[in-house]
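For reference, the structure is listed below as structure tokens.
Please read these numbers as outputs of a predicted model, since none were measured by experiment. Worth knowing before you read on, the calculation uses all heavy atoms, side chains too, and leaves out hydrogens, waters and symmetry mates. Whatever order the structure lists ligands and atoms in, that order sets their numbers, starting from 1.
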Amino acid sequence: MTDKRFYLEALGIPLWLPRPNHPSLTREGHTDDHSPRPLMEEASEVRASDSPPPPAAKRPEMRADTDSPPDDWIPPMDDDWEPVFESDDNDLAPAPPMSRETRIARMDWEGLKAEARQCAACELCATRTQVVFGVGDHQAEWLVIGEAPGADEDRQGEPFVGRAGKLLNPMLLAIGLQREQVYIANILKCRPPQNREPTPAEAAQCRPFLQRQIELIQPRIILAVGRIAAQNLLETDTQIGKLRGRVHRFGASRIPLVVTYHPAYLLRSPREKRKAWDDLRLARRTLATEPLGPARRSIDP
Ligand code: URA
């Protein structure tokens, strides 16, 4: 096949050739203008195997030599005939608008953060001081997820920097983790007024951000801190006492998820710290026995 024919076919342009007995062809199989023309065998091969001929009624006849097309890729046209390509309609159809979820699900860290910073998807945007996006190692094995920013977090723009954070840090240290080694986020990125509970609608609007953070981090374990985090992530109404003490699985990648008490609760009920310690050890044990996922395997030898 000639280069020209190859490219024309790739573009979906039909190749038109003079009929075998057309006067524009000399006996030697060359045209009068001395440019090489395809041999007859090649012409019939094209029609037979590559593209079916147009319906007989619509097939234009070659006219006299002076009307011949300047090259073999321009079909001779009657006034009422034009080539129609399959994709014509599709090319003109506008692309369907992308949903907010889909847009967010395709973002990188930079885009995600920028999108969250200017988010106005719920009414919390009117009362927040700033968006509390999340903090920590983008490749962390541990992802800690709390409820929502409080007053300190709203002011400083970082999760768990208030009193609850002052307890979360030593809890992590107790299992050998510096705060900087993990990633910390919340169900909500904006503070609810008077630290009220997040509404289901607020959590739903914020969910795509957290979902994308989880996809980007690909943590090996999620520690859900407190009832709100646990119930939202596991999409359940079950009490926290029944959710802790076992390993759940999150999402399509089935990331192990362990539930523990919120540090703010532990500050109010210090006797429950022992149970939280059990939860942390369960999480640490789970991670030690969990096989590395495909993404991690390619990073870690
Ligand atoms: N409580 C939370 O759940 N998250 C924070 O960031 C701070 C307090």
*Indicate yes or no for a side-chain donor-acceptor contact from Arg249 to the backbone of Arg254 under 3.5 Å, with no hydrogens or angles considered.*
yes
*asked:* Measuring only between side-chain heavy atoms, which start at C-beta, is Pro198 closer than 4.5 Å to Ile228?
replied: yes
*Would you please write out the protein residues whose heavy atoms approach any atom of ligand 1 to under 4.0 angstrom, listed by chain and number?*
Gly146, Glu147, Ala148, Glu153, Pro159, Phe160, Asn186, His262
*Tell me yes or no: between the side chains of Arg155 and Gln130, is some donor less than 3.5 Å from an acceptor?*
no
*Is the shortest distance from a Lys or Arg side-chain nitrogen in Glu101 or Arg212 to a carboxylate oxygen in the other one below 4.0 Å?*
no
*Step by step, would you call Arg103 with Glu115 a salt bridge (Lys or Arg N to Asp or Glu O under 4.0 Å)?*
CA-CA 10 Å; Arg103 259 189 334 101; Glu115 179 83 10; 3.0 Å; yes
_Side-chain heavy-atom pair Leu143, Tyr183 within 4.5 angstrom cut-off_ = yes
